[in-house]
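Note sheet for the following structure.
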Number of protein chains: 2
Amino acid sequence: MSTTVSALDQMIHKLSGRSALTGEDKEAILSLPHTIRSYHAATYVVREGEPPPNHCSFIRSGFAVRQKITAQGARQIMSLHLVGDFIDLEHLFLNIADHNVQALTELEVVAIDRRALESLVLARPNIARALWIDALVDASIYREWVTNVGRRAAPARIAHVLCEVALRMQAAGVSTNGGFELPLTQEQLADAVGLTPVHVNRTLKALVADGILHRDKRYISFTDWNRTKEVADFNALYLHLEQAKPA
Amino acid sequence: MSTTVSALDQMIHKLSGRSALTGEDKEAILSLPHTIRSYHAATYVVREGEPPPNHCSFIRSGFAVRQKITAQGARQIMSLHLVGDFIDLEHLFLNIADHNVQALTELEVVAIDRRALESLVLARPNIARALWIDALVDASIYREWVTNVGRRAAPARIAHVLCEVALRMQAAGVSTNGGFELPLTQEQLADAVGLTPVHVNRTLKALVADGILHRDKRYISFTDWNRTKEVADFNALYLHLEQAKPA
DNA sequence: CGCCAAATTGACTCCCTTCAAGAGTAGTGG
DNA sequence: CCACTACTCTTGAAGGGAGTCAATTTGGCG
């Protein structure tokens, strides 16, 4: 089932940042049965209401979102995912998907055999801790998004998501310091912040007019990070980027 | 440190519903160092930005909420918690609190020594699975709330939270079938759904006028559950109440 | 009985939505 | 190489749902 030696190195790299792994841990990870899968933009990777696939995936390249559709047909995106992110860790232990995961761009994932990962996690505390932390950080991001969508006005709401994307892309080594290529259409951004595309468009223009950010197509850059953070009411704490390795 | 023999039985009961526990698992849980703590209504149990306390708690009686306050002073509640719920499981592995946990009513919790719980979890797969599932269900609820606050109109939004509370109280054995005592003021309900107290008041009245629900003070009951679910765009899937025990 | 928080109601305002049309922009194929 | 097509982005005008401000009523409780 194994295809590339290096595919799982990415996972080791990610987890090492969150929990100290022993040589044995790393070897165990490298021996996980896995395949590499590709999805075209807009394809569903996980569907709400369906039983979980027999594998758990993390992103090798590209972007994905989690989303739900209401009965009225409105879509809400509840998180964005980029290189290195696990996209269906919830299926490790829950036996039915409660939301959709959709490819945002061309997407490549490393799909790990679910049972093997489950055994590994339950047998190896360091790996369990690292993956658990990953899930906890995801939950923290959801909490922030509830706040963002529930209590911030349009400009702050949009700026907040942009701040998050900027920081996470930087942390993942995807963006240069100057700015980043937003992997979302304005309609998708609207679905992420709970607004209409029209209002997102107007608000983005207003943010540019106020000198909060620059835009060139979907390439976003901030003039003054501190000012942007202020407008966005952004506090990076919830991303737990500094999560220290335990003693 | 142990005070009552039965305090941890509640934890065993809760976890048994999610993962099969052996006699050894149960004994290990019962021997966890713990204390019982009480908080008055409105007291903070966990504060954003602070390092975690050296214990993890679950609710013995009463209600609590998770919330954040924006720079503009607006409060957003992102989850409600009742008997049996763990309220700071995130601190098992994250070393700084990213949100507040606040007592909603008089609150009694069982506070378990953090290090001891951590060791237990990493040593006992069944317990790890059960607690992990607990965290995953919390995350699922956050996702639903992002959708609720981001994409539903006021009536559905409010009805949705009421549906969730009704089901969870019933699952926890706190409410009778006929209805339930909502442990929230209208202002707190407003903070949970991202609206103003005034609008929550008006919308509640409209829901009553439309025959969707009955109200007697804070005692809520539904006339027609199916109709309420429809108005609320409510699908209980996300609560994972049926989460089967693994083989 | 009096105090104070919670619930209620009215009138006015405004942020965001809705509807609709036009302008870029990228990919495709003849 | 350029027309064709389908998104995506942009802009205008008008309407509505929710917010704001403020006053009144209700209800729990010492």
Side-chain angles (χ1 to χ4, degrees), chain A residues 40-42 63 70 72-77 103-106 148-162 181-210 213-220 231, chain B residues 40-43 63 70 72-77 102-106 148-162 181-210 213-220 231:
Chain A
H40 292 303
F63 294 86
T70 68
Q72 288 70 36
R75 181 169 78 158
Q76 177 66 48
I77 291 174
L104 204 53
T105 59
E106 291 297 300
N148 197 43
V149 158
R151 286 300 187 204
R152 292 196 186 101
R157 212 185 285 190
I158 293 171
H160 197 280
V161 168
L162 296 182
E181 185 75 25
L182 188 71
L184 297 167
T185 64
Q186 290 182 8
E187 187 176 8
Q188 291 161 341
L189 182 55
D191 286 338
V193 295
L195 296 168
T196 56
V198 173
H199 199 62
V200 164
N201 181 280
R202 287 196 245 258
T203 308
L204 276 175
K205 289 198 68 182
L207 287 171
V208 171
D210 291 349
L213 56 85
H214 286 296
R215 235 175 11 130
D216 180 18
K217 305 280 165 61
R218 300 208 192 139
Y219 189 85
I220 309 278
V231 169
Chain B
H40 291 302
T43 311
F63 294 87
T70 69
Q72 289 72 35
R75 180 170 77 158
Q76 178 67 47
I77 291 174
Q102 194 176 14
L104 205 53
T105 60
E106 291 299 299
N148 197 43
V149 158
R151 286 299 187 205
R152 292 194 186 104
R157 213 185 284 189
I158 291 171
H160 197 281
V161 168
L162 296 181
E181 184 76 24
L182 188 70
L184 296 167
T185 64
Q186 290 183 9
E187 186 176 8
Q188 290 161 342
L189 182 55
D191 286 338
V193 294
L195 297 168
T196 56
V198 173
H199 199 60
V200 164
N201 182 281
R202 289 196 245 256
T203 308
L204 276 175
K205 291 198 68 181
L207 287 171
V208 171
D210 291 348
L213 55 87
H214 285 296
R215 238 180 0 136
D216 180 19
K217 305 284 163 57
R218 300 210 191 137
Y219 189 85
I220 309 278
V231 169

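Here the structure is a predicted model, which means the values were calculated and not measured. Both backbone and side-chain heavy atoms feed into the values below; hydrogens, waters and symmetry mates do not. In what follows, every chain begins at residue 1, and chains take the letters A, B, ... in the order their sequences are listed.
- A straight line from CZ of A:Arg157 to C1' of C:dT17 spans 13 Å, rounded to a whole angstrom.
- Within the 4.5 Å cutoff, the side chain of B:Gln102 has no heavy atoms near those of the B:Gln188 side chain.
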Nucleotide-resolved protein contact map, nucleotides 4-9 of chain C, B/S/- at heavy-atom distance under 4.0 Å: --SSBB
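- For the pair A:Leu195 and A:Lys217, nearest-nucleotide mapping onto DNA chain C gives the more 5' position to A:Leu195.
- Pairing each heavy atom of A:Ala156 with each of A:Asn148, the nearest pair is O-OD1, 4.2 Å.
- Between the NE2 atom of A:His199 and the P atom of D:dG17 there is a distance of 17 Å, rounded to whole Å.
- A side-chain donor-acceptor contact under 3.5 Å links B:Thr105 to the backbone of B:Phe63.
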Listing, residues 199-210 of chain A side-chain donor-acceptor contacts under 3.5 Å, not counting sequence neighbours, or none:
{"residue": "A:Asn201", "atom": "ND2", "partner": "A:Gln186", "partner atom": "OE1", "Å": "2.9"}
{"residue": "A:Thr203", "atom": "OG1", "partner": "A:His199", "partner atom": "O", "Å": "2.6"}

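- More than 12 heavy-atom neighbours from other residues, nucleotides or ligands sit within 6.0 angstrom of CD on B:Glu181.
- Between the side chain of B:Arg151 and the backbone N or O of A:Arg75 there is at least one donor-acceptor pair closer than 3.5 Å.
- Atom CG in A:Leu189 sits roughly 13 Å away from atom C1' in D:dC9 (whole-Å rounding).
- Per the geometry, CZ belonging to A:Arg152 stands 17 Å off P belonging to D:dG19, to the nearest Å.
- The nucleotide whose nearest atom lies closest to any side-chain atom of A:Thr196 is, among C:dT18, D:dT20, C:dC16, C:dT18.
- Under the 3.5 Å distance criterion, the side-chain polar atoms of B:Glu106 are left unmatched by any main-chain donor or acceptor of B:His40.
- Protein atom CZ of B:Arg151 is 14 Å distant from nucleotide atom P of D:dA18, rounded to whole Å.
- Formation of a donor-acceptor pair under 3.5 Å by the B:Arg218 side chain with backbone atoms of B:Leu182 is not found in this model.
- Note on the helix from C:dC1-D:dG30 to C:dA21-D:dT10: angle between the axes of the first and last five pairs equals 50°, rounded to 10 degrees.
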